Amino acid sequence: MKKIGILNHEISEVIAKMGHTDSIAIGDCGLPIPDNVRRIDLALVKNIPSFIETLKAVLIELKVEEVVIAEETIKVSNFVYEQIKKEVGDVKITIVSHEELKEKLKDCKAVIRTGEQTPYANVILKSGVVF
């Protein structure tokens, strides 16, 4: 049995297969996920698991060089944006419209659906290189 890190085998598998600049998204329970993109559905009930808990878990295993966030996150749910900034540290943050973010989901290896119900609690994580 795995001792540390993400126990969810689907998330662990996707991260293990990711290369430089590949991306994975974490979204709230209302984020529309394109049919051709792998959906990893963690949502149980309202806000469980939360977006931030899920982000923290993924960041334990994934080296991230850039995050993509919708400008609506900053405007509508600024506290989510501030939490994302805190968790990712000095990583480059790219701001796009929510429509652009949804379009970029088509290029993600997977989208992790959480139970989060805060509007615009979504992020795309672009994989970096471990030295």
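Everything numeric here is computed off the predicted structure, so don't read it as measured data.
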N/O donor-acceptor pairs under 3.5 Å from side chains in residues 46-63, not counting sequence neighbours:
residue, atom, partner, partner atom, Å
Asn47, OD1, Gln117, N, 2.9
Ser50, OG, Glu53, N, 3.0
Ser50, OG, Glu53, OE1, 3.2
Glu53, OE1, Ser50, N, 3.0
Thr54, OG1, Ser50, O, 2.8
Glu61, OE2, Lys2, NZ, 3.1
Glu61, OE2, Ile6, N, 2.6

Residues two or more places apart in sequence or in another chain: which of them pass side chain to side chain contact (heavy atoms under 4.5 Å, CB included) with Val91?
Val64, Val67, Val88

Any chain of hydrophobic side-chain contacts (each under 4.5 Å) joining Val123 to Val14?
yes

Residue Asn36 excluded, over 12 heavy atoms near CG under 6.0 Å
yes

Would Lys75 and Glu71 count as a salt bridge (Lys or Arg N to Asp or Glu O under 4.0 Å) if you check the C-alpha gap in whole Å, the side-chain angles of each, and the deciding distance to 0.1 Å?
CA-CA 6 Å; Lys75 293 176 183 173; Glu71 59 190 318; 3.8 Å; yes

Would you say Leu31 ends up clustered with Ile74 if hydrophobic residues are merged whenever their side chains have heavy atoms under 4.5 Å apart, either directly or through other cluster members?
no

In one Ile/Leu/Val/Met/Phe/Trp/Tyr side-chain cluster, 4.5 Å: Ile26, Leu101
no

Could I get the full list of side-chain hydrogen bond (donor to acceptor under 3.5 Å, both in side chains) partners for Glu100, not counting sequence neighbours?
Ser97

Any residue meeting side-chain hydrogen bond (donor to acceptor under 3.5 Å, both in side chains) with Asn8, in chain and number order, not counting sequence neighbours
none

Test side-chain hydrogen bond (donor to acceptor under 3.5 Å, both in side chains) applied to Glu65 - qualifying residues, sequence neighbours left out:
His20

Applying side-chain hydrogen bond (donor to acceptor under 3.5 Å, both in side chains), can you list everything that pairs with Lys104, at least two apart in sequence or on another chain?
none

In chain order, what residues pass the side chain to side chain contact (heavy atoms under 4.5 Å, CB included) check against Glu66, with sequence neighbours excluded?
Val68, Lys92, Thr94, Lys126

Who else is in the cluster with Phe131 when I, L, V, M, F, W and Y are joined by side-chain contacts under 4.5 Å?
Val129

Shared ILVMFWY cluster between Val37 and Ile124, side chains joined below 4.5 angstrom?
yes

Distance in Å, Asp41 CG paired with Cys29 SG, rounded so as to fall on 0.5 Å steps:
9.5 Å

Which residues pass the side chain to side chain contact (heavy atoms under 4.5 Å, CB included) test with Ser77, sequence neighbours left out?
Phe79, Val80, Thr118, Pro119

Where Asp28 and Glu116 come nearest, the two heavy atoms and their spacing:
CB-O, 3.3 Å

Residues Glu99 and Lys102 bridged, charged N to O under 4.0 Å:
yes

Are His98 and Asn122 close enough, and set up right, to give a side chain to side chain contact (heavy atoms under 4.5 Å, CB included), and what steps lead you there?
CA-CA 9 Å; His98 187 60; Asn122 309 298; 3.7 Å; yes

Tracing side-chain links under 4.5 Å among I, L, V, M, F, W and Y, which residues wind up in one group with Tyr120?
Val76

Sorted by chain and number, sequence neighbours left out, salt bridge (charged side-chain N to carboxylate O under 4.0 Å, His left out) with Glu13 holds for Lys17, Arg38

Run the side chain to side chain contact (heavy atoms under 4.5 Å, CB included) test against Asp22 and tell me which residues pass, sequence neighbours left out.
Met18, Lys109

Less than 4.5 Å apart, any side-chain heavy atom of Arg113 and any of Ile33?
yes

State plainly whether one hydrophobic cluster holds both Leu125 and Ile93, where clusters connect Ile, Leu, Val, Met, Phe, Trp and Tyr through side-chain heavy atoms under 4.5 angstrom apart.
yes

